[in-house]
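To start, the structure under review is shown below, and the notes come after it.
Within every chain, numbering begins at 1; the chains are lettered A, B, ... in the order of the sequence lines, protein sequences first and strands thereafter. Owing to the predicted nature of the structure, the values given are computational and were not obtained by experimental measurement. The figures that follow rest on heavy atoms only: side chains count, while hydrogens, waters and symmetry mates do not.
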Amino acid sequence: MDIFKETLKTFIVNIIKEEKKIDVSKPQAEKLIKNPPDESFGDYCFAAYYMQNYGFQGKPETAAADLYNLCIVRFGEIAGLFDKIEIKGAYVNFFVKREIFVSEVVKETVDSGSDYGRDVPEKPLTVAIDFSSPNIAKPFGVGHLRSTVIGMSLSKIYEFCGHKVIKINYLGDFGTQFGKLIEAFCRYEDIDFSEFEKDPVKVLYGLYVRIHKDEQTDLTVEEEAKNRFKTLEDFMSVNKRSFEEYLGAITDAVNTKKKSIDNANIPKTITLSEENKNFFCGTAEGQYNLWKIFRKLSIVEFKRIYKSIGIEFDVYEGEAESAEFSKDIKEILLESGIAEISEGAVIVNVKGIKAPALIAKSDGTSLYLSRDIVTAVSRMAKYNFDKMIYVVGSEQALHFSQLFGIFGILKEDAEKIKDVKNFKHYASMIDGRLVHVKFGRIIGMSTRKGNLVFLEDYIEEARLKAQEKLEERLKISEDNFFAEINDGGKKLTEGLEKLEGIRAITENVEKQSLIQEQKKEPAESEKNRIYLTSLKVGIGAVIFNDLKTRRTTDVNFNWDNVLSFEGQTGPYLQYTVSRINSLLKRLGVNETDLKNDAKSFSFSKNDTDFDDIFLIAKQIYGLKTALHSAVEQNEPSVLSSFALDLASHFNKYYQNHRLIGRDYDYVKPRIAVLVSVKTVLVSILNLLCIPILEKM
RNA sequence: GCGUUCAUAGCUCAGAUGGAUAGAGCAACAGCCUUCUAAGCUGUGGGUCGCAGGUUCGAAUCCUGCUGGACGCACCA
């Protein structure tokens, strides 16, 4: 609750009402109050341009003067919270009482802890978020990271803002590409089956690359792949459930736990081996099993990668599941006259879009648009979502506008549709609830070998760089120590105390020999710490790089930028948090005591550090606004910018004002400020999927 | 050709939905570690907001045209 803004709003609305006899509606009142671009213009302002609508006449400056005079006369009404009012050009600027402002903000933050900024919406939404959605035929590269991380972050942001979120990973486990993969497996004689055991994904990727290369010169590849895909799809549709059964089952048992796709049975007796190749390649059933095996192997691999960067899903879905019913969709759309046949294929004309939306190929096999229709309907049945977000690259914008357009038609022409177990009901309520959260491409990302960089290699590169930097820093603190030892004037005992100090901070190699209590192998544990720290830093750098810019712009990839860890980077934020941790530790802070003391914090305007504290408080105060616009725009980068600003304000403070060695009375309220900054930074790092480090 | 989208400092990007003097970070240069972690801080230089019109009291932001880039446009996903 923004008491300052609310007070000001009431104040101004009353003035307009009583002096100018004009009523101001709530949303209009909201627009009256702005935040000035510069601190010297105060904390809130009214622009006279807006006031002209409310009976303040003349030039903007005159209108501003008019308003200003009225405000001055009635200043007593807001004097409890505001310090002064100024007029500057066409603006009337308001300055808050800073001591009150700061202590209010700090109290609220310390009180609410990790819930600070959390919102309780009047009507929480159920939001389904479809993200990451890797293609099983392709390895998990950095291209997928963007969708994964944006989607995960949005999920967390929506949840933090009080909505119910369902995180969906919609696996690309179907389509002609699988025909290609199967064809590759069957075509090449020299597949290393022992390698398949060890690193299946690598082998699959090898097949993928090879078949795409051969496709350029050998025209039979595509043809064979198509045939294989058709065989696969036909085989799968032989014993399929009816569409009625499918939708019925969802409707009847929305809450029963669905069998997860990755638990799909793979017959144990059939192993992936040279001997079984005829079975896999020669029969429809064999191809089906091969597909299952490929899919299973890939999912295991994906899950491992997700775990390593802290990503998780509520549901794994697959295209194959929807593919089962894409023919039903085709028929429903044709029967109702929504779709038509053109050049042998089934299409829908969506108004406003010239390109026809392709539902099915002329050979009868399905296309992903038809599968997406099934998926959206079944999700509506399952989750009854208010909003469904697709986090998919902007190159698929046309596809989604076609998909959304089709649901527009399904709503408008609902009468025409034959109802199949509530299909009409679900399909007609989807319109207007779908959102395509698109993002730009990553340009210029490549290795020496190919153009696809594996996520793990990418992270490892960042980790190594972080480790290098960490070791360098540890060495510097050692060097400083020895430099001091050698400095003639120093006493050795003094130096030893110092050594202990330094090593306590860094937990360096010899710490264990100074304090011979722990049983662990010192070198081992230190090595481990360095590894984990640099891994977290590396992951933080990589993830932040994808979340720091607005989604829609293409990212110009630059190794130097990602690996620099300075300035506007994830590690800068991580560093700031661990710096606060270190300081709190040195100050001997007990955070629960602090909470009990929260009511007694007070700050004095006369303290030299007050202006800097005020800036920090003001930034913290902006968290709610930032969260709102992040949700409104489906844009995590709002929070990354916010966090960078906050960290920057804090680091300035840290540099300019020392706390150790001051009186407790002086330090206590400032500890609350430290805790507030840490609380907010940690919240945001969590929302951005960036690992937090106790110390760096 | 049609559609979508973008163009802001040498580089990477912000710019609160049309408002006050366009801001950061890298890089460059000059400083700050016997004092809470230098992955930090301070300072300097760096701009015709792609170009040209238009709407407006007011435009980086909205409209039109042009230039240049990216992406998409019938059986891939």
Side-chain angles (χ1 to χ4, degrees), chain A residues 34-38 41 45 47 49-50 52 59-60 88-91 93 133 135 137-138 172 174-177 180 319 342-347 353-363 365 367-369 371 392-399 401 438 440-441 443 466 469-470 472-473 476-477 480 483-484 487 489-490 494 498 505-506 537 541 545 548-550 552-556 558 560-561 564-569 571-576 578-587 622 625-626 629 633 637-638 641 644-645 648 651-652 654-661 695-696:
Chain A
K34 299 270 177 181
N35 295 107
D38 190 282
F41 300 145
C45 67
Y49 318 110
Y50 297 103
Q52 288 172 328
K59 282 182 173 175
K88 191 169 171 109
Y91 291 86
N93 297 328
S133 303
N135 209 317
K138 297 175 196 164
F174 208 63
T176 313
Q177 49 178 334
K180 282 185 191 162
E319 271 189 276
S342 165
E343 296 174 32
V346 180
I347 65 161
I353 302 171
K354 278 189 178 175
L358 271 158
I359 301 293
K361 298 188 230 171
S362 47
D363 69 357
T365 54
L367 282 164
Y368 81 137
L369 185 53
R371 306 199 271 270
V392 180
S394 50
E395 63 270 15
Q396 291 198 37
L398 178 61
H399 169 253
S401 53
K438 51 190 157 196
R441 291 154 41 90
I443 298 166
K469 188 131 190 171
L470 184 56
E472 196 180 296
R473 288 178 58 197
I476 286 172
S477 52
N480 284 348
E484 277 171 39
D487 194 9
K490 302 272 173 187
E494 234 178 55
K498 183 91 193 183
I505 296 165
T506 61
V537 170
N545 187 57
K548 72 178 174 186
T549 60
R550 297 198 79 89
T552 42
T553 45
D554 292 344
V555 172
N556 277 303
N558 183 325
D560 291 342
N561 281 352
S564 87
F565 309 162
E566 277 162 29
Q568 299 170 334
T569 65
Y572 173 73
L573 297 177
Q574 294 170 316
Y575 176 71
T576 307
S578 52
R579 228 181 184 188
I580 295 173
N581 280 334
S582 161
L583 183 48
L584 288 175
K585 197 172 163 190
R586 297 212 145 209
L587 289 165
T625 316
S629 63
Q633 304 170 41
S637 75
V638 173
S641 303
L644 286 173
D645 285 343
S648 165
N651 279 314
K652 271 169 203 162
Y654 180 91
Q655 202 77 29
N656 295 327
H657 311 284
R658 300 185 55 78
L659 293 180
I660 288 193
K695 63 179 73 172
M696 273 172 80

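Among the atoms of the strands shown, base atoms are found under 4.0 Å from some heavy atom of A/Ser342. Within 4.0 Å of A/Gly172, counting heavy atoms only, lies no atom of the nucleic acid at all. Residue contacts for A/Gln574: at a heavy-atom cut-off of 4.0 Å it reaches no nucleic acid atom on any strand shown. Among the atoms of the strands shown, none is found under 4.0 Å from any heavy atom of A/Ser629.
Taking atom P in both B/C6 and B/G50, the straight-line distance is 13 Å, to the nearest Å. Spacing of P atoms, B/G1 relative to B/U61, comes out at 26 Å, to the nearest Å. Using atom P as the reference point in both B/A14 and B/U34, the two lie 39 Å apart (nearest Å). Comparing the C1' positions of B/A24 and B/G47 gives a spacing of 15 Å, expressed to the nearest Å. Distance check on atom P: B/C36 versus B/U44 gives 27 Å, rounded to whole Å. Straight-line distance between the P atoms of B/A28 and B/G54: roughly 44 Å, to the nearest whole Å. B/C33 sits 46 Å from B/G69 when the C1' atoms are compared, rounded to a whole Å. B/U8 and B/C71 are spaced 22 Å apart, taking the C1' atom of each and rounding to whole Å.
OP1 and OP2 of B/U5 both lie 4.0 Å or more from every side-chain N or O belonging to A/Ser394. Applying the 4.0 Å criterion to OP1 and OP2 of B/C41, one finds that A/Tyr572 has a side-chain N or O inside that range. Phosphate proximity of B/A14 to A/Thr553: present, with a side-chain N or O under 4.0 Å from OP1 or OP2.
Between the base of B/A20 and the side chain of A/Asn93 there is a donor-acceptor pair shorter than 3.5 Å. Residue A/Thr625 places no side-chain atom within donor-acceptor reach of the base of B/A16, judged by atom type and a 3.5 Å distance cut-off alone.
With a cut-off of 3.5 Å on both Watson-Crick or G-U wobble distances, the partner of B/A9 is given as none. Across all strands shown, the partner of B/U64 is B/A52, judged by Watson-Crick or G-U wobble contacts whose two distances both fall under 3.5 Å. Pair assignment for B/A16: none, as no Watson-Crick or G-U wobble contacts are both less than 3.5 Å. Nucleotide B/C73 has B/G1 as its partner under the Watson-Crick or G-U criteria, with both atom distances under 3.5 Å. Nucleotide B/C29: paired with B/G43 (Watson-Crick or G-U wobble, both distances less than 3.5 Å). Under the Watson-Crick and G-U wobble criteria, each requiring two contacts below 3.5 Å, nucleotide B/G58 is left unpaired. B/U35 is unpaired under the Watson-Crick or G-U wobble criterion, no partner having all donor-acceptor distances under 3.5 Å.
Position along RNA chain B of the nearest nucleotide to A/Leu659 versus A/Asn35 favours A/Asn35 as the more 5'-ward residue. Annotation: of the two residues near RNA chain B, A/Arg550 and A/Glu566, the 5′-most nearest-nucleotide partner is A/Arg550.
Note: CG (A/Asn561) to P (B/C11) measures 12 Å, nearest angstrom.
Which of B/C36, B/C57, B/U37 sits closest to the side chain of A/Leu583 comes down to B/C36. Relative to the side chain of A/Thr176, the nucleotides B/A77, B/C41, B/A20 differ in distance, and B/A77 lies closest. Listed candidates were B/A20, B/A77, B/U42. Nearest to the side chain of A/Lys652 is B/U42. Of the candidate nucleotides B/C41, B/A74, B/U37, B/A74 has the atom nearest to the side chain of A/Glu343. In the set B/C73, B/A20, B/C36, B/C36 carries the atom at the smallest distance from any side-chain atom of A/Ile660. For A/Tyr575, the side-chain atoms get nearest to B/G40 when compared with the rest of B/C36, B/U42, B/G40. The side chain of A/Glu395 lies closest to B/G72 when the candidates are B/C41, B/G72, B/A20. Listed nucleotides B/U17, B/A16, B/C36 differ in distance to A/Lys34; the shortest reach to its side chain belongs to B/U17. For A/Arg579, whose side chain is taken as the heavy atoms from C-beta onward, the closest listed nucleotide among B/A20, B/A38, B/A14 is B/A38. Considering only side-chain atoms of A/Arg658, the nucleotide from B/U35, B/A74, B/C76 that sits closest is B/U35.
Exactly one of A/Asp554, A/Val555, A/Thr553 qualifies for a side-chain contact (heavy atoms from CB on, under 4.5 Å) with A/Arg441. That residue is A/Asp554.
Regarding the sugar-base torsion, B/U64 falls in the anti class, its angle being beyond 90° of 0. Annotated as syn: B/C33, whose glycosidic dihedral is within 90° of 0.
For B/A20, the base is stacked against the aromatic ring of A/Phe41, per a cut-off of 5.5 Å between centres and 30° between planes.
For the atom pair A/Arg586 CZ and A/Leu659 CG, the distance stands at 13.0 Å (nearest 0.5 Å). Atom CD of residue A/Glu566 and atom CD of residue A/Gln568 lie 12.5 Å apart, to the nearest 0.5 angstrom. Annotation: the span from A/Ser582 atom OG to A/Leu587 atom CG amounts to 9.0 Å, rounded to 0.5 Å.
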